[in-house]
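Given the structure is predicted, the values throughout are model-derived calculations rather than measurements.
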Amino acid sequence: MTVLALEIGSSRFAASRIADDVGTDDVVQIPVPASGAWERCQEMLLEAAGGAEVTALGIASAGPIDMAAGVVAPVEVPEWRTGFAIVDAARKLFPSASVHLALDGVCLALAERNFGAMTEVVDAMAIIASHRISGGIIVGGFTVVGRTGNAGHVGHVLVPGFDDRCICGGRGCMEAVASGASAVRWAQEQGWAGNSVAELVEAARVGEGIPAAALGRAGTALGRAIASVAALLDMDLVVLGGPLVEAGPVLWKPLNEAVATHARLSFLPGLRVVPSQLGDVALLAGAGLLALSAQSA
């Protein structure tokens, strides 16, 4: 049995063969390509398969997605923004394989629920703070996917106190303030000369004022939105993954302060926000779980 996982993230594409213990073997990864997205995915998947017959493939994709139709429309992949039938394409590549698609945040939640920070809880949420914002919800020990598979796409929760224009066309979305792409754009508007999320995080960590302010805004927005979501879903744990997690106190201090300020209801005093325990392999592990659980059902 050869099981593969494919990650269509907002900052990278990655693929891996999944071991029986849902470990990831020999991860192949590239930055999100400007063109030829499916061609690059095929190359990575075939390399990960190593000539073996693939029996199952799990796909974790940045949103929005249409899980029933097997279509992805991630913002960071211009040629797919109007929708790409990735499940059909994958079935043509691997005719003997079962192919399963979920939102990237759902796959993070699956991985953390089984192997990471969520193993001791039954109600929790995972949030990806990368180029964009995504999330996944665990209620009663089960993932919640919603009508189209986009439940947990928390980046478009409105955050009080902010009016930044979002790529969705609205204003004040968490993604418009707290995503890596938005934080970089805000810093550039203030005169910062860097270009990437990694540069922004490192500059903030060493004390550069504008990058620190950009990530401080992101932390505040994340904390306010997390308090709202926790109150709505009655949960006491949120796991935060993605590159912004590495920013350290410049992000986490305002985030925790905002949570403390706004999570004041009697059932929320224990609300915890913790970093992902699985790091870079979390989405691939979650996609692998998706494929393995569907195969064994």
Side-chain angles (χ1 to χ4, degrees), residues 4-16 18 29 32-33 37-42 44-45 56-94 97-113 125-139 142-157 166-170 173-175 179-181 229 241-242 282-294 297:
L4 299 184
L6 176 64
E7 173 187 333
I8 305 296
S10 61
S11 61
R12 72 169 190 173
F13 284 6
S16 173
I18 299 297
Q29 63 177 315
V32 174
W38 178 241
E39 289 73 18
R40 299 303 303 276
C41 287
Q42 290 183 87
M44 292 191 304
L45 287 167
L57 168 64
I59 303 172
S61 178
I65 67 170
D66 185 330
M67 195 166 65
V71 170
V72 299
V75 171
E76 295 298 321
V77 187
E79 65 192 289
W80 289 357
R81 284 182 187 168
T82 57
F84 174 67
I86 195 167
V87 170
D88 284 347
R91 285 173 177 155
K92 290 177 183 175
L93 181 64
F94 300 120
S98 59
V99 182
H100 310 277
L101 169 68
L103 192 68
D104 54 355
V106 169
C107 289
L108 174 59
L110 272 172
E112 293 290 339
R113 175 73 181 92
M125 183 167 191
I127 294 177
I128 301 172
S130 184
H131 276 64
R132 302 295 169 194
I133 302 285
S134 186
I137 302 165
I138 302 287
V139 174
F142 296 95
T143 54
V144 178
V145 296
R147 178 176 54 86
T148 62
N150 290 289
H153 200 2
V154 71
H156 300 280
V157 169
C166 184
I167 195 167
C168 74
C173 298
M174 177 165 57
E175 186 167 292
S179 71
V229 171
L283 297 188
L284 290 171
L289 279 166
L290 187 72
L292 286 167
S293 61

Taking distance alone, no hydrogens or angles, what donor-acceptor pairs closer than 3.5 Å link side-chain atoms of residues 62-78 to residues at least two apart or in another chain?
| unit_1 | atom_1 | unit_2 | atom_2 | d |
| --- | --- | --- | --- | --- |
| D66 | OD1 | A68 | N | 3.3 |
| D66 | OD1 | A69 | N | 3.1 |
| E76 | OE2 | R132 | NE | 2.5 |
| E76 | OE2 | R132 | NH2 | 2.9 |

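- Remark: Q29 engages R12 in a side-chain hydrogen bond (donor to acceptor under 3.5 Å, both in side chains) (not counting sequence neighbours).
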Checking V145 against L103 for the side-chain contact (heavy atoms from CB on, under 4.5 Å) test, could you report, in this order, the C-alpha distance in whole Å, the side-chain angles of both residues, the deciding distance, and whether it holds?
CA-CA 8 Å; V145 296; L103 192 68; over 6 Å; no
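- L283 contributes atom CG, which lies 4.5 Å from atom CD of E7 (distance to the nearest 0.5 angstrom).
- For the atom pair I18 CD1 and L4 CG, the distance stands at 8.0 Å (nearest 0.5 Å).
- The minimum heavy-atom distance between S10 and S130, with the atom names listed, is OG-OG, 3.4 Å.
- Considering only residues two or more places apart in sequence or on other chains, F94 meets the ring-ring contact (aromatic ring centres under 6.0 Å, His included) condition with none of them.
- Listed by chain and number, the residues in a side-chain hydrogen bond (donor to acceptor under 3.5 Å, both in side chains) with S61 amount to none (sequence neighbours excluded).
- Considering every non-hydrogen atom in both A111 and G286, the closest pair reads CB-N, 3.8 Å.
- Between L93 and L57 there is no side-chain heavy-atom pair separated by less than 4.5 Å.
- Between A5 and G288 the shortest heavy-atom distance is CB-N, 4.0 Å.
- Remark: the backbone N or O of H131 is paired with a side-chain donor or acceptor of S179 at under 3.5 angstrom.
- Residues A291 and G58 approach most closely at CB-N, 3.6 Å, considering heavy atoms.
- S134 and D104 make their closest contact through OG-OD1, 2.6 Å (heavy atoms, listed as atom of the first residue, atom of the second, distance).
- Partners of R40 by salt bridge (charged side-chain N to carboxylate O under 4.0 Å, His left out), not counting sequence neighbours, listed by chain and number: E43.
- Here the CG atom belonging to L289 is positioned 12.5 Å from the NE2 atom belonging to H100, to the nearest 0.5 angstrom.
- The nearest pair of heavy atoms linking W80 to W38 is CZ2-N, 3.5 Å.
- Legend: residues meeting ring-ring contact (aromatic ring centres under 6.0 Å, His included) with H153, ordered by chain and number and at least two apart, are H156.
- The CG atom of L101 lies 9.5 Å from the CD1 atom of I8; values are rounded to the nearest 0.5 Å.
- The distance from the CG atom of L45 to the CG atom of L6 is 5.0 Å, given to the nearest 0.5 Å.
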